Every structure is written in C-alpha cells, then in structure tokens.
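One is the number of the first residue; the rest follow in order along the sequence. Below, all heavy atoms of this structure are taken into account, side chains as well, without hydrogens, waters or symmetry copies. Treat the numbers as computed from the prediction; the structure is a model and nothing was measured.
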Amino acid sequence: MKKEIIEVAVMSDKVRALGLPCSTAVKANGFVFISATPPVDMVTGEMVRGDIEVQTEASLKALKHCLEAAGTSLDNVVMVRIYAVNSGFYNAINRVYAKYFSTNPPARSFVPVASWPMEFDVEIECVAVA
C-alpha cells in the first residue's frame with residue numbers, strides 16, 4: 001500500500017507557508033500519522049497565545065481537526081507524543097489531555113524539549129487507526 005498525503009484545511013496551508021518539509025497527515029497501511037501539531041487556531045491559522053493549558057487545548061483541537069480530515073477520530077488514536085518546553089508543564093497538560101482521552105487512553109510519551117523557532121510551548125503528534 002502506498003502512502004496517501006491528506007490535505008488538512010488551514011494546517012496544510014500553514015505548513016506550506018512556513019516552508020516546512022513535512023506533511024500534516026499521512027495515511028498508510030491502515031494507520032493515520034499526524035505530525036506534531038502546535039496550538040494553531042483552525043479557523044484563522046494563527047498561533048494561539050496563552051498559558052500552557054490554553055495552548056494544550058488549542059493543540060488538541062487542531063490534532064482532532066487533522067484526524068477528522070483523515071477520516072478518523074480521537075477514539076482511534078493508539079499513540080500520542082507530547083513535546084513541551086518545560087517538564088514542569090506535565091500536570092497542567094495532563095489536566096487538559098484527560099478531557100480528550102478520558103476512557104481507554106492511548107499509549108503516550110511526554111518529551112521535554114529545549115525550544116522551537118516559533119513562540120509556543122507545546123506540540124502534540126499521534127498515530128491512529130484509519
């Protein structure tokens with residue numbers, strides 16, 4: 001099976017405008033792979049500003065938007081990776097994350113990172129069953 005690049009409204013255009021060499025969503029072999037998704041407003045395409053809970057909420061909404069564009073949902077997510085600029089954000093991120101994955105949560109990793117070349121504090125990526 002060949003991979004299928006999924007066009008995601010707002011997000012795919014944002015990635016292209018930034019000149020990033022990646023696809024927002026890729027479908028292959030029965031899975032959907034969503035690239036690390038920062039807190040982007042899915043209406044305006046602008047970065048959402050605010051504390052870590054506001055940013056996490058926006059990132060998870062964007063992740064949900066990407067999954068739905070690929071024909072799947074949060075219920076089908078099997079793996080999540082959260083990248084945050086401060087490991088001290090762990091509990092605050094979990095408070096928001098738990099609202100999106102309250103039952104039968106997927107496998108997950110939390111990865112502290114140094115920084116990004118843009119002004120946000122969290123990115124979230126996932127793998128889901130198509």
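Surrounding CG of Asp51 are more than 12 heavy atoms belonging to other residues, nucleotides or ligands, all under 6.0 Å away. Annotation for Lys64: atom NZ does not count as buried by contact number, only 12 or fewer foreign heavy atoms lying within 6.0 Å.
Listed for the His65 side chain is a donor-acceptor partner under 3.5 Å among the backbone atoms of Ala9. Put simply, the side chain of Thr44 gets close to the backbone of Glu46: a donor and an acceptor are under 3.5 Å apart. In this structure, Lys27 contributes its side chain and Val32 its backbone to no donor-acceptor pair below 3.5 Å. In this structure a side-chain-to-backbone donor-acceptor pair under 3.5 Å is present from Thr56 to Ile52. Judged purely by atom type and a 3.5 angstrom limit, Thr72 has no side-chain atom pairing as donor or acceptor with the backbone of Ala128.
Nearest approach of Ser87 to Phe110, heavy atoms of both residues: CA-CE2, 4.0 Å. Here the closest non-hydrogen pair linking Leu63 and Cys126 is CD1-SG, 3.8 Å. Between Ala69 and Ile6, the shortest heavy-atom contact is O-CG2, 3.6 Å. The two residues Val10 and Met42 have their closest heavy-atom pair at CG2-O, 3.0 Å. Of all non-hydrogen atoms in Asp121 and Gln55, the two that sit nearest each other are N-OE1, 2.7 Å. Nearest heavy-atom pair, Pro39 versus Val122, reported as atom, atom and distance to 0.1 Å: CD-O, 3.3 Å.
Using a 4.5 Å heavy-atom threshold, the side chains of Met79 and Arg81 count as touching. Proximity of Thr37 to Glu123: side-chain heavy atoms (C-beta onward) are nowhere separated by under 4.5 Å. By the 4.5 Å heavy-atom criterion applied to side chains, Cys22 and Val15 are counted as neighbours.
A salt bridge is defined here as a Lys NZ or Arg NE, NH1 or NH2 lying under 4.0 Å from an Asp or Glu carboxylate O, and Arg16 with Glu7 meets this definition. Residues Glu57 and Lys99 are paired through a salt bridge, judged by an N-O separation under 4.0 Å between the basic side chain and the carboxylate.
Remark: Arg108 fails to qualify as a cation-pi partner of Phe101 under the 6.0 Å distance and 45° angle criteria applied to the six-membered ring.
Phe33 and Leu74 are assigned to two separate hydrophobic clusters, defined by single-linkage of ILVMFWY side chains at heavy-atom distances under 4.5 Å.
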